[in-house]
Amino acid sequence: MSWVQLPLSAPLNSTTKSDDCTLKAHRSWDKALLSPPDGQTMWTEEHRDWTKVKYDSLEDGTAFPKQFMWGVATASHQIEGGNTNNWSAFEPRSKSKQLSGEACDHWNRRTEDIGLITDLGVSHYRFSIEWSRIVPQEGEWNEQAAQWYSDLVDELLANGIQPMATLHHFTQPIWWEEKGGFEREENLHHWIDFSKRMFALLSDRVRWWCTINEPAVFTTMGYVLGEFPPGVRSFKRAKAVAMNMMRAHATCYQTLKGMENGGLCEIGLVKNINLFDPYRRWNPLHWLQARVLDGMFNRCWINGVRTGRFKPPSALRAKRVPGLKNSSDFIGVNYYTHLLATPFMPTKVEIDPLIRPWEQRTDFRYPMYAEGLRRAFEMVKGLGLPIIVTENGVADDDDDMRPEHIRRHLQITAEAIADGLDVRGFYHWSLMDNFEWAEGYDQRFGLYHVDFETKQRTLKESGATYASIVKSHRTPQVVIMAGGLGTRLGEVTERIPKSLVEVNGKPILSHILDWAQRQGCLNALVLTGHLGEQFDEFTHPGMVVNFHQEPTPLGTGGALWNARSLLEDRFILLWGDDLHPIDYHSLLKTHEKAGAPLTMTATTKHEQMNLKHAEGRLEAYNKTTQTSDLNGYESGTSVVEKSVVLEHGKEGVWSWEETVYPALSGKAAVHLDQTAFWDMGTPERLALLETFLKESTL
Ligand code: BGC
C-alpha cells in the first residue's frame with residue numbers, strides 16, 4: 001500500500017521520542033477506553049513478543065484448512081510494461097519521476113511468469129485487466145488484448161491455478177481520464193461496459209472477481225495528497241470521486257451478478273485497511289485524530305457496503321447509493337500496516353512516520369505490524385462476508401524482513417480462522433518486484449527478485465519460505481486414470497467412458513472429485529483414452545480439471561508417461577472407476593514420514609490379498625497368484641513422486657502396477673487404512689456403489 005497521511009497539520013520531526021507509558025509491548029489486547037466509530041468492538045492495539053511465537057503449525061501443515069486459497073497477486077500496470085494510461089501520463093510528474101516503461105515485461109513473458117507462480121505451488125493468482133489496453137480509444141475494442149487475458153486464464157487453469165481478476169486497479173485510459181474519470185457520474189457507464197464485456201469473455205473460467213481495488217487509496221492519493229494521478233489536492237473533488245467509485249462498484253456488482261455465470265462467480269470489493277492508532281494513548285487529541293482518520297479511510301467505506309448509504313470522507317451527510325447494500329460476495333482485505341496518529345502528522349512521505357520503539361521499519365518507512373491484520377479482519381467482520389486477504393506483503397529490498405513478515409501475518413490469519421473468523425484465502429503481494437507507483441522501482445515487494453535491466457527473475461529466500469508453508473498445507477494434484485475400456489461393465493461402456501457412467505445421479509468422476517475437493521484438492525488431471533472426447537464439456541465447480549487423452553491405448557503406465565509434462569512433482573493417483581473416501585491428510589503424512597518415492601494404501605479387509613508389507617514398507621506385490629505370505633490388498637489411492645514416473649517410464653504400452661510396484665519393493669511405503677473402496681468394475685459392483693452412495697452421508 002501507499003501509506004496515507006492526510007494534510008491535517010504540519011510535519012512532525014521524526015526524531016520525536018515515542019511515548020509508551022500506557023502501551024506495553026508484549027501485552028495482549030490492550031483494552032482502551034474509547035470505542036471505535038462503529039461502537040461494536042473495543043479499540044485495541046495488540047503487540048506481542050514474536051520471539052516467543054512458535055510457527056510449528058505453519059511448517060507441519062496444520063495451521064490452515066484444507067481448502068484455503070493460497071495465492072500471489074499483481075496488477076497490470078505494475079508488471080506488464082508498455083502501457084499508455086493515466087499513470088504513464090502522470091509518471092514524469094510523480095514523486096520518483098520514474099517511468100513504468102517496460103516494467104517486468106510481463107506482457108511478453110506470460111508463460112515464464114506462470115511458471116514462477118506454479119513453482120511457488122500456490123493455487124490462486126490475482127491479476128488485473130488493463131482497461132487502457134482493451135479500450136485504448138473511446139468506442140474501440142482491442143480483441144487481441146482481450147484475447148491475451150483469455151489466454152492467460154487458460155494457461156493458469158492448465159497449470160492448476162485459479163484466476164482472480166480485478167477490473168480496476170488504479171489505472172484507466174487517458175481518454176476517460178480526460179473526460180474527468182471518476183469525478184463525473186456520467187462517465188461510469190464506460191467502465192461498466194468494459195467490465196461487462198470482460199465478464200462475458202472470462203466468467204466461464206474465472207470464478208473470482210474484484211471490482212475496484214482500494215477506492216480509498218485511489219481517492220486519497222490522487223485527489224487529497226496528489227501523489228497519484230491526476231495529482232490533485234482538493235477535498236471537494238475527492239468527495240465526488242469517492243462517491244462515484246462506490247456507485248461504480250455497486251453498479252458493476254449488480255450488473256455482473258445479473259449476467260450469465262453471475263450466480264456462479266464470487267464478486268467483491270477490495271478494501272485497503274490502514275489502521276490508525278493514537279500515538280500517545282493518554283492524549284485525547286491523538287485519539288480524536290486516529291478516530292477521524294479511521295472513519296474517513298476505513299469505516300465509511302465498509303459501512304457503505306453494509307448499509308447501502310455512503311458518506312464520503314469530508315461529506316456532511318450519507319447518501320443512498322443504488323445497489324450498494326450487500327454488493328459483495330466476499331470482502332477483499334489489503335493489509336500493510338498501522339499509523340500512529342497525532343494532530344501533527346507529516347504530509348510528506350519523505351518524513352518517517354512515528355512507530356513504536358520495538359517496531360521494525362519496512363523500506364516504505366511504516367512499521368511491520370502483523371497484529372493489525374487481526375484487527376482488520378475484526379473491522380470487516382460485521383459485513384458477514386467471507387474474508388480474503390487479497391494483498392499482504394512488504395517493501396524489503398534485501399529480503400531480510402520478508403520471511404518473518406510472511407510467517408507473522410500467516411500466523412495471525414491462522415489464529416483468526418481458529419477463532420472462527422471466515423478467512424478463506426491469502427494472496428501475497430507481490431509475485432515479483434514491480435513498478436511501485438509513485439515510488440517507481442525503489443520499493444521491492446516481490447517473492448521473486450527482478451533485475452529490471454535483464455528482466456531476470458530470481459526466487460528470494462522469502463519466496464522459498466512462502467512456498468514451503470504453502471506446500472505443507474496444500475493437497476497435491478490428483479491424477480485420475482480414466483482411460484480404461486471398462487469391458488466388464490458390458491454394453492454401457494461402448495457408448496460412455498467408464499468414469500462418466502452415472503451413479504446416484506451423476507458421473508462417478510464427479511463423486512471422486514467431490515471427495516478429492518473435500519480433502520483440499522483443487523487441481524485434477526484426468527487421463528482419458530477410450531471415448532475421451534466425451535469429457536470435453538466436463539467441469540467441476542471450484543476445481544481446475546484438466547484432461548489428457550492418450551492417442552491409442554497405452555496401459556496405466558503408458559498413460560502416465562504420456563502425460564508426464566502435466567504431472568506435479570508429487571501427486572495423488574486414483575482410479576477413475578473407484579471411489580475411495582480416505583483421509584488424504586494422514587496418507588500424505590505417512591508418505592512424508594517414510595520419505596518414500598511412492599506410498600500406496602492397503603487394507604487387510606478384503607477377500608484376496610495382493611501384497612506383502614512389513615514395518616510400513618512394501619515387500620512384494622503379486623496380482624496374479626495368491627500365496628500365503630501376502631498380508632494386504634492395495635486399495636486404490638497412492639501418493640507418487642513424479643521422479644518415479646520419469647525413472648521407470650518408457651514409450652509404448654505398459655502397466656504401472658506390474659512395472660513400478662515390483663521395482664519399488666523394499667522402497668515404497670504402505671499406508672494401512674481399512675476404509676472400503678467402491679469400484680464399479682462389474683454391473684454387480686456398480687449396483688453396490690449406487691446403494692452405498694444413496695445411503696451414505698459422504
Ligand atoms: C496496492 C498495490 C501496491 C501495494 C504496495 C496496494 O495498496 O494495491 O498496487 O503495490 O499496495 O504498496
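If you're wondering where the values come from, they're calculated on a predicted model, not measured in any experiment. Start at 1 and go down the list; that is how both ligands and their atoms are numbered.
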D105: which residues meet the side-chain hydrogen bond (donor to acceptor under 3.5 Å, both in side chains) condition with it, sequence neighbours left out? N108, R109
Are R306 and W301 in a cation-pi contact, defined as NZ or CZ under 6.0 Å from the six-membered ring centre and within 45° of the axis? no
Test of understanding: given a 4.0 Å heavy-atom threshold, classify the contact between Q443 and ligand 1 as side chain, backbone, both, or neither. neither
Using a 4.0 Å cut-off to any heavy atom of H169, which atoms of ligand 1 qualify? 1 (C), 2 (C), 8 (O), 9 (O)
Can you tell which part of N213 has a heavy atom less than 4.0 Å from ligand 1: side chain, backbone, both or neither? side chain
Considering only heavy atoms of F445, which atoms of ligand 1 have at least one such atom less than 4.0 Å away? 5 (C), 12 (O)
Do the ring centers of W175 and H190 come within less than 6.0 Å of each other? yes
If we only count N/O pairs under 3.5 Å, is Y366 in contact with ligand 1? no
Looking at residues at least two apart in the chain, or sitting in another chain, which of them share a side-chain hydrogen bond (donor to acceptor under 3.5 Å, both in side chains) with E102? K455
Salt bridge or not for E45 and R375, using N-O below 4.0 Å? no
